[in-house]
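Before any comments, here is the structure.
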Amino acid sequence: MVGMGKLYDEIDDRLAAFLLDQPVFFVGTAPLDAAGHINVSPKGMAGTFAVLGPRRVGYLDYTGSGAETISHIRENGRIVVMFCAFDGPPKIVRLHGTGRVVPLDDAEFGELRPLFSKPREIGQRSIIVVEVDRVSDSCGYSVPLMDFRADRDILDRSQERRDQEYFDGYWRDKNSASIDGLPALPAQLP
């Protein structure tokens, strides 16, 4: 391919260290319907992303205002995860692949959860696992230099004061479908 970027065979130790060092990453998904809405979600909070293997990554999915990523993955699996260096050498890394939703009640959730260092469990919806088929980087020359101060604790504080009944209702009322009407939660949906 023509361009300034580099393709990698896999996520090696050096690339894994770069990914884990970034305080924010972005997840992009889209429905199959050309009229549907493309979604890009910023993700953060230390300990919520993990490199699960040389071509496999995952992140903890906490309850949020929407469930676009879950609905798009359930429909077609396409996903890209992007990391930008906001300090140090300019670099952007994209992980293209096929995602799947691992819900709380799935045995695999229990196997994967210890691989994430984020301790808070309340508010978890699932783990998003990505089987990576393309690992690439690009220059990031236009990405601004910014200083990281701290993770925000607003989501933690908000969700820590809730009980499971609250989340069950929230998932049913606000996370059951995407903005385009695709099924999302509850987890037992196809």
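When the shell of 6.0 Å around CG of Asp173 is examined, it contains more than 12 heavy atoms from other residues, nucleotides or ligands. Within a 6.0 Å radius of CD in Glu165, other residues, nucleotides and ligands contribute 12 heavy atoms or fewer. Around the CD1 atom of Ile38, the shell of radius 6.0 Å holds no more than 12 heavy atoms that belong to other residues, nucleotides or ligands. Within 6.0 Å of CG on Asp9 lie no more than 12 heavy atoms contributed by other residues, nucleotides or ligands.
Checking side-chain atoms of Ser158 against main-chain N and O of Ile154 turns up no donor-acceptor pair under 3.5 Å. Of the possible donor and acceptor atoms, none in the side chain of Ser126 sits under 3.5 Å from a partner among the backbone N and O of Ile128.
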Step by step, would you call His96 with Val135 a side-chain contact (heavy atoms from CB on, under 4.5 Å)?
CA-CA 7 Å; His96 290 88; Val135 181; over 6 Å; no
Step by step, work out the side-chain contact (heavy atoms from CB on, under 4.5 Å) result for Phe86 and Leu145.
CA-CA 5 Å; Phe86 293 107; Leu145 288 169; over 6 Å; no
side-chain contact (heavy atoms from CB on, under 4.5 Å) assessment of Ile122 paired with Phe167
CA-CA 9 Å; Ile122 187 83; Phe167 291 105; 3.5 Å; yes
Under the side chain to side chain donor-acceptor pair (under 3.5 Å) criterion, do Asn175 and Tyr170 qualify, and how do the steps go?
CA-CA 7 Å; Asn175 289 168; Tyr170 193 94; 5.1 Å; no
Verdict with reasoning, Trp171 to Thr63, per side chain to side chain donor-acceptor pair (under 3.5 Å):
CA-CA 8 Å; Trp171 297 340; Thr63 300; 2.8 Å; yes
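Heavy-atom minimum distance, Ala30 versus His72: N-ND1, 3.4 Å. When all heavy atoms of Thr69 and Thr29 are compared, the pair lying nearest together is CA-OG1, 3.9 Å. Nearest heavy atom pair, residue Ala50 against residue Leu20, reads CA-CD2, 4.3 Å. Heavy-atom minimum distance, Asp12 versus Leu15: OD1-N, 2.8 Å.
Phe109 places a side-chain heavy atom less than 4.5 Å from the side chain of Gln124. Looking at heavy atoms from C-beta onward, Arg134 lies in side-chain contact with Leu7 at the 4.5 angstrom threshold. Within the 4.5 Å cutoff, the side chain of Val93 has no heavy atoms near those of the Tyr8 side chain. Here the side chains of Asp87 and Asp147 are not in contact, with every heavy-atom distance at 4.5 Å or above. For the pair Pro31/Leu182, a side-chain contact is recorded, criterion being any heavy-atom separation below 4.5 Å from C-beta on. Residues Ile79 and Ile73 form a side-chain contact, since some pair of their non-hydrogen atoms from C-beta on lies under 4.5 Å apart.
The existence of a salt bridge linking Arg120 and Asp156 is confirmed by a sub-4.0 Å separation between a basic side-chain nitrogen and an acidic carboxylate oxygen. Using a cutoff of 4.0 Å between basic side-chain nitrogens and carboxylate oxygens, Arg56 and Glu10 are not scored as salt-bridged.
Taking the centre and axis of the six-membered ring of Tyr62, the NZ or CZ atom of Arg125 falls outside the cone set by 45° and 6.0 Å. Both tests hold for Arg162 against Tyr166: distance to the six-membered ring centre under 6.0 Å, angle to the ring axis within 45°. A cation-pi arrangement is absent between Lys43 and Phe49 under the rule of less than 6.0 angstrom and at most 45 degrees off the ring axis.
Distance check: Glu131 CD to Leu52 CG gives 8.5 Å after rounding to the nearest 0.5 Å. Rounding to the nearest 0.5 angstrom, the gap separating the OG atom in Ser71 from the CG atom in Asn39 is 8.0 Å. A distance of 12.0 Å separates CE in Met45 from CZ in Phe116, rounded to the nearest 0.5 Å. Between the CD1 atom in Ile11 and the CZ atom in Arg55 there is a gap of 8.0 Å [rounded to 0.5 Å]. Atoms NZ and NZ, on Lys6 and Lys91 in that order, are 7.5 Å from each other to the nearest 0.5 Å. In this structure, Arg149 CZ and Arg152 CZ are separated by 8.0 Å, a value rounded to the nearest 0.5 Å.
Ile179 and Leu185 fall into different hydrophobic clusters, where Ile, Leu, Val, Met, Phe, Trp and Tyr residues are linked whenever their side-chain heavy atoms come under 4.5 Å apart, directly or through other members. Clustering ILVMFWY residues whenever any of their side-chain heavy atoms sit less than 4.5 angstrom apart, transitively, puts Val81 in the very cluster that holds Phe18. One hydrophobic cluster, built from ILVMFWY side chains closer than 4.5 Å, holds both Val101 and Leu104. At a threshold of 4.5 Å between side-chain heavy atoms, the hydrophobic network of Ile, Leu, Val, Met, Phe, Trp and Tyr places Ile127 and Val80 in two separate groups. With hydrophobic clusters built from ILVMFWY side chains whose heavy atoms lie under 4.5 angstrom apart, Phe26 does not share a cluster with Val130.
Take Tyr59 and apply the ring pair (Phe, Tyr, Trp, His ring centres under 6.0 Å) test, not counting sequence neighbours, and it matches Phe25.
Screening Ser136, Ser142, Ser138 for a side chain to side chain contact (heavy atoms under 4.5 Å, CB included) involving Ile92 leaves a single residue, Ser138.
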